[in-house]
Amino acid sequence: MGINVIIGYTLMFIGAFFFLLSAIGLLRLPDLYTRMQAATKSTTLGAISSIIGIGLMKEDILIKSIILATFIILTAPISGSALIRAGYKVKSPMTDKTVVDKFKEKEGE
Amino acid sequence: MIRKIVYGVFILIIIAAIAIFMSNYKFGVDKMDVGKYYLDNTVPQTGAANVVTSVTLFYRGFDTLGEVTVLFTAALGVAVLYFMGENKRKQKLQESNFVTKIGTRVVFPFILLTGAYIFMHGHLTPGGGFQGGALIATGFLLLYLAYEETSIDRKKFYLVEGLGGLTYVIIGLLGFFMKGSFLANVLPNGTLFDLLSGGIMLPIYIGVGLKVGSELSNIIDDLMCEVKCEEAGGEE
């Protein structure tokens, strides 16, 4: 078992761990905004590390997996920000514990 | 109560009939002569690596021409419903955010490229004209979402759409005049897994991909106009 396979398995484990975290976050977090954190940030990291891990284990698909990871990095923030902005615009309620709303402060200027 | 009993008996009869019927078949044995024929003969007859594409374009090409026509009729229906009269887009929609705008600029060419790749490799890899065309249309949808002033040049899109459909029919007629049957294979099969293989599938799928992409983009344009026209009408 080569070193690349070990690193690949480690990365895949990290990816699975972050997927698990985001699933727990989706269930446990209180409002739309924090749930979007769980649904976008950690799934992006989980998907990237799983894909790169698979690429490291099979060298012939390494370049493909790097390209895939690049596109996930490119597209996930776009969809995440557009969704969360739409949620803000339709006034999805915040949880009671919210302390700061930078968007409102900026709009109020 | 008696109705429930009747229903239950009826369901039981159906389940028993299915079970008796299915027990005649053994698992793991070739049941379909048609499927076996396709799997055995696709590569020597058509030179396409993707059996599904060879079925849809080679063995049942006329059927696919009908599907293209169905899609064309659907687009026409949407256009008639939503695009009667002039394009009255006055109201500016809410501006999209910075990330969407910049990201769209980065991603849009890659979406078009991927769509073109998918419909050009329809005879080699999973996918084909319809899937690639739909992907191209999503690229235009992204443009509409990011930049509210986007408006595609409908005349050029109609031209592309018409040319795509025309390609299909012309290739079919070529087969009719050269080989004696509509959509007969008039091009050489080539070597397996080459881009230029599979006979008439590559030009047909390029035509279908362009046609579907422009058609769906036109539908998106119609729908966006409908949203914007309604809002403009509501404010007046």
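First the proteins, then the strands, lettered A, B, ... as listed; each starts at 1.
- More than 12 heavy atoms of other residues, nucleotides or ligands sit less than 6.0 Å from atom OH of B/Tyr38.
- Within a 6.0 Å radius of CG in A/Asp96, other residues, nucleotides and ligands contribute 12 heavy atoms or fewer.
- For B/Phe98, no part lies under 4.5 angstrom from a heavy atom of chain A.
- Looking at A/Thr75, only its side chain comes within 4.5 Å of chain B, counting heavy atoms on both sides.
- For B/Val99, the parts sitting under 4.5 Å from any heavy atom of chain A are the backbone and the side chain alike.
- Taking a 6.0 Å sphere around NZ of A/Lys64, one finds it holds 12 or fewer heavy atoms contributed by other residues, nucleotides or ligands.
- Here CZ of A/Phe71 is found 6.0 Å from OG1 of B/Thr114. Values are rounded to the nearest 0.5 Å.
- In the displayed structure, A/Leu27 atom CG is contacted under 6.0 Å by more than 12 heavy atoms of other residues, nucleotides or ligands.
- Heavy-atom minimum distance, B/Thr100 versus A/Ala82: OG1-CB, 4.0 Å.
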